[in-house]
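Each remark here refers to the structure printed beneath this line.
FYI, side chains are in, hydrogens and waters are out, and symmetry mates aren't considered; it's all heavy atoms of this structure. Order of appearance sets the numbers: ligands from 1, and atoms from 1 within every ligand.
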Amino acid sequence: MYSKKVLDTFANPMNVGEIENPDGVGTVGNASCGDIMQVFLRIENDIIVDAKFKTFGCTAAIASSSIATEMIKGKTPEEALQVKNADVVEALEGLPPQKIHCSVLAEEAIAAAIADYRSKKK
Ligand code: FES
């Protein structure tokens with residue numbers, strides 16, 4: 001039921017782990033499935049120079065976190081907020097309908113990490 005891209009990304013995920021003293025960290029969960037996703041950002045001169053994740057979740061959630069963290073590197077926080085779950089689904093060459101919420105989790109975790117970064121900057 002998963003695309004080859006999802007399975008390959010799940011098997012060899014990029015950006016797994018934590019960033020020490022991150023500039024922004026966001027943790028989100030989905031109440032219905034119980035999955036949790038955490039995104040860490042390193043932001044220098046308003047550019048996301050590194051992004052990592054820790055996800056306790058399904059195949060689609062891990063593949064979504066991997067692709068989404070890769071997609072936002074090199075972007076400004078503003079640009080990263082434009083990366084929506086539909087873009088993650090497209091990059092993964094599709095997700096089954098019941099797994100779309102897993103990509104939403106990635107969008108939400110990034111938004112939460114950027115909100116954290118902005119709140120610390122003030
Ligand atoms: Fe909930 Fe994938 S089943 S994040």
Among Asp116, Ile19, Ile110, Ile72, find the residue that satisfies the side chain to side chain contact (heavy atoms under 4.5 Å, CB included) test when tested with Leu41.
Ile72
Do any of the N, O or S atoms of Cys58 sit under 2.8 Å from atom 2 (Fe) of ligand 1?
yes
Under 4.0 Å from a heavy atom of Lys99: give me the atoms of ligand 1 that qualify, with their elements.
3 (S)
Report yes or no: does Leu105 have a heavy atom closer than 4.0 Å to ligand 1?
yes
Find out if a path of hydrophobic residues (ILVMFWY) with successive side-chain heavy-atom gaps under 4.5 Å connects Ile43 to Met71.
yes
Please find out if atom 2 (Fe) of ligand 1 and some N, O or S atom of Cys102 are separated by less than 2.8 Å.
yes
Looking at Met14, is its backbone amide N or carbonyl O close enough to the side chain of Ser66 to form a donor-acceptor pair, meaning the two atoms are under 3.5 Å apart?
yes
Could you tell me whether Asn30 approaches ligand 1 through its side chain, its backbone, both or neither, with non-hydrogen atoms closer than 4.0 Å?
neither
Give, rounded to 10 degrees, the angle between SG (Cys33) and NE2 (His101) as seen from atom 1 (Fe) of ligand 1.
100°
For the backbone of Lys84 and the side chain of Asp87, can you confirm whether one donor and one acceptor N or O come within less than 3.5 Å of each other?
yes
Got a sec: does the CD of Glu90 have more than 12 other heavy atoms crowding it under 6.0 Å?
no
Taking atom CD of Gln38 and atom OG1 of Thr55, what is their separation to the nearest 0.5 Å?
9.0 Å
Nearest neighbour in protein (non-hydrogen) for atom 4 (S) of ligand 1
Asp35 OD2, 3.0 Å
Could you tell me whether Met37 approaches ligand 1 through its side chain, its backbone, both or neither, with non-hydrogen atoms closer than 4.0 Å?
neither
